Amino acid sequence: MDFSTGLLVLLFVIFALFTGAFVRHILKGTQVPYTVALLLLGIAIGLLQRADVFQSEAQAFGESLALIAEIDSHLFLYLFLPTLIFESAFAMEVHLFRRMFTQIALLAVPGLMLAIWLTAELIFAITPDSWQWSWAICLMFGALISATDPVAVVALLKEVSSRKRLETLIEGESLLNDGTAIVFFSLFFTWVTATFSGAMVDGITSPLHVTLEFVKVVLVGLIIGLVVGWLCILWIERVFNDPMIEISLTIAAAYSVFFIAENFHVSGVVAVVTLAIIFASIGRTRISPEVAGFLHHFWEVMAHMANTLIFLLVGILVAIRVPLNDIQAWQMLFVLYGGILVIRAISITVFMPALKRLGIGINFAKAAVLCWGGLRGAVSLALALAVVASDIIPKEIGDRVLFLCAGIVVLTILVNGSTMSLLLKLLGLNSLPPAKQATVDKAQTKISAELHSMLPVMMTNEFLKGADWEVVKQKAQLQLYDETIDNESISEHELNVAYKRRLLETERKHYWTQFEQGMLSKQATSKLVEAVEAALDGEPCIGPRTFIDKTWQVPSWFASFRSYQWLNRLLLKFYFNKLALGYDIARGFIHAQEALESHIHALAPNESSAEAVMDMVDANKKNTLEKINALRESFPEIIQSLQSQAATRMLLNRERAVITEQLKQAVLDKPEAQRLLMSVEDRMQALQKQTIFKSTQEQRLVNDIPWARSLCQETREQLSTLIEHNVYETGQTICKTGQPLNKIGIVSRGSVKEHWSVMNNEAQRQICTNKGPGESIALLALFTSMSNTHCESETPCDVMWIPCDKLKQLMQKDNQLTLVVCKLMKDYSI
């Protein structure tokens, strides 16, 4: 049977996936990295193909291998890089990436530039004269071989690393320096081709041109990632719990930004990394909670399939395409392998003083892992294939570039990759830090105690009481952990830091749980997670948590816009939404603090630490409750609206869970359940769009002003058109004595403290009073055009203002209004 090109490719994909599943299965429980095993297997298959073994026994399979070995370098990059880079960046902890960005950028840009230059110097020094490699070729080879490959590094780290910070540093560097390497390779490749074609190279090789080109390539790639990312986020915000749409968008976005960027000759890697970080940070609360877990699992599967295909393909491609009969090339390969390891160490050592002080710092052990973890992989090989595919560069040069590159890729993956776990073990980095391990041990003790508490109940169970409980304990590996874990080698400060970090990480997870359950809004979740991550920076801080106070504060620019009457409605809406967000944050914070209480004593290294943290948590709850109570007294309708929304969300979530459970139990058929679920989700989506700032709350009716109720209908209507709203936060000055003022105020919500001076028997007396909803302030401004009182908000408050000149006009028309105002003035003559 003759197979077309497409079917031959499909045949290889099927074979690769079966092979990957088999290799992964047999490697379980061993120390052999999955990627190393696949590479070796790929090389073995490629050598068999090179020996024409498959031509007689499996001709179709042999044809598919021959076809795959001739893969175009651009297709190689376009097919695999977007998936692998997006999944890697999307799975990174964005908070750690931000903290370590300066270190990552230092290694990925100046560190890589130094490595490229040193590698080019080494190549220029050791290549035989017969090869006739110019300085341009050496720089081009230095660019394609110097960058650590994200595919190889990320695949290895996921198997052998247990240090999140170290993993983020190596992974972040491999992602960014890959983009840097491709940029410099493109520049030097253009130089090489221009040299062989006889074109002018002066402009190409100038330092200014190289710098400007690098900046352009990186910045434009960044902008493309930002623009596409924001457009996708805006689209996803309008989608409610539709995994098909949301996941399809992430796939299309990852490949489109890479395609667009490369089409404009800028960095596709930078564009994909930027896109993934947007999805992992801002997008995390925009993606439907029900879809988020599925989305991560989907990309993990995509990355696994890509890794399986790419490492098997690299092994096959190297074995089939690389010339193996050049003795000088073999000698060069081993010298170069040792050289690039030394160069990697030099580039890290040069920047060590800065790396120690930037981000989260670095020590010798982590620097050693950085040096040894500089694996080269598929990206370097794809760039080498681009050199081979060039019609301008001589074939002899292209073959040697491919041989050296393929050899370095194989050696770094086989030697460095297979020994990485041993290095981590020797450096003591294959396990958690002792202080952090102590918190894990405490958690394990709690788990063990919980299991032992189950045993008496199980032993009395009618269907279990005949079990051999000694065998059960042995097979379940049930043992009592020693409560007095030896922590003498760990300082008390280290134990407390690890303990508090564990609690803060638990608190952060609780916020995401609240978000998934519909108890927290997107904005509140983002703010709370940001606050926890800020508390995790440096010395972990359980309390006091001042960020809660900031959520209630009105920005400084707010006051400057109050004089514009046409902005009052927008300002009032902004203020109400801010109060609502503050309440949502406070409520979620209190729930998280209450959840922490169940872990405080269980994870504490000692009783004094537990009591200290418990006091902090109690203080956090007390301070936050005071804020909520102040808001409840001033704006009860906001609290009522928010509580109603929260209660509705909880009921709808529960209804959806019950329908899903009935579907699993076949109480409902799938079409019936889908109709019911669609109805629930329509109501949930409508609830998300609701705002507490309703039209009835935008302007308080004049009937809410007690002294205006006795006025005629016409006067009330005219008075209502004059009202302007202003909102003030706690402790803010509303007006000062002697300040020009041409309006009088009525407290709509909240409490205002007003004090003024009166003369009594030639003695000055200070009067101070509290004004609540419906009461007037600064009334004397009606006659003096200035404030004769000092008013300050005691709580968040909303004040309605009536311009004095327009009020006087109304008073001339309505004597009843004049009498009412005169009665109010008596308060100031006490």
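Since this is a predicted model, take the numbers as computed values, not measurements.
Using a 4.5 Å heavy-atom cutoff, the side chains of Leu370 and Arg344 are in contact. The shortest side-chain heavy-atom distance between Ile137 and Ser134 falls under the 4.5 Å cut-off. Put simply, the side chain of Thr250 does not reach to within 4.5 Å of the side chain of Cys232, judged on heavy atoms. Contact check for Arg284 versus Val94: no side-chain heavy atoms found under the 4.5 Å cut-off. Under the 4.5 Å side-chain criterion, counting only non-hydrogen atoms from C-beta, Leu375 is not in contact with Thr148. Counting only heavy atoms from C-beta outward, the side chains of Leu404 and Ile145 never approach each other to under 4.5 Å. The shortest distance between side-chain heavy atoms of Phe184 and Leu139 does not fall below 4.5 Å. With a 4.5 Å cut-off on side-chain heavy atoms, Glu121 and Trp135 count as touching.
Checking Thr308 against Tyr34 by side-chain atom types alone, a donor-acceptor pair falls below 3.5 Å. Neither side chain, Tyr78 nor Asp72, offers a donor N or O lying under 3.5 Å from an acceptor on the other.
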Is there a side chain to side chain contact (heavy atoms under 4.5 Å, CB included) between Phe364 and Met352 once you walk through the steps?
-> CA-CA 9 Å; Phe364 171 78; Met352 269 298 285; 5.9 Å; no
What do the steps show when you test Thr35 against Asn307 for side-chain hydrogen bond (donor to acceptor under 3.5 Å, both in side chains), and what is the final call?
-> CA-CA 8 Å; Thr35 52; Asn307 272 320; over 6 Å; no
Go through the steps to decide whether Phe259 and Tyr255 satisfy the test side chain to side chain contact (heavy atoms under 4.5 Å, CB included), and finish with yes or no.
-> CA-CA 6 Å; Phe259 186 89; Tyr255 277 92; over 6 Å; no
Going through the checks in order, is the side chain to side chain contact (heavy atoms under 4.5 Å, CB included) test met by Leu358 and Phe351?
-> CA-CA 11 Å; Leu358 296 173; Phe351 293 102; over 6 Å; no
Can you check side chain to side chain contact (heavy atoms under 4.5 Å, CB included) on Trp191 and Leu187, steps first, answer last?
-> CA-CA 6 Å; Trp191 183 5; Leu187 292 171; over 6 Å; no
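With hydrogens and angles disregarded, no donor-acceptor distance shorter than 3.5 Å links the side chain of Ser88 to the backbone of Leu84. Looking at Ser380, its side chain never comes within 3.5 Å of a backbone N or O of Arg376 through a donor-acceptor pair. With Ser267 contributing its side chain and Val270 its backbone, the two residues share a donor-acceptor pair below 3.5 Å. Of the possible donor and acceptor atoms, one in the side chain of Ser174 sits under 3.5 Å from a partner among the backbone N and O of Glu171. Checked by atom type and distance alone, the side chain of Thr180 pairs as donor or acceptor with a backbone atom of Ala108 at under 3.5 Å. Judged purely by atom type and a 3.5 angstrom limit, Ser146 has no side-chain atom pairing as donor or acceptor with the backbone of Ala143.
Within 6.0 Å of CH2 in Trp131 there are more than 12 heavy atoms belonging to other residues, nucleotides or ligands. More than 12 heavy atoms of other residues, nucleotides or ligands sit less than 6.0 Å from atom CG of Asn263. Atom CZ of Phe101 sits in a sparse spot, with 12 or fewer heavy atoms from other residues, nucleotides or ligands closer than 6.0 Å.
Between Leu112 and Ala181, the shortest heavy-atom distance links the atoms CD2-N, 3.5 Å.
The ring of Phe86 has its center closer than 6.0 angstrom to the ring center of Trp299.
Salt-bridge check for Glu533 with Arg98: passed, with a basic side-chain N closer than 4.0 Å to an acidic carboxylate O.
The aromatic rings of Phe76 and Phe80 stand perpendicular to each other, their planes meeting at an angle above 60°, with 30° marking the opposite boundary.
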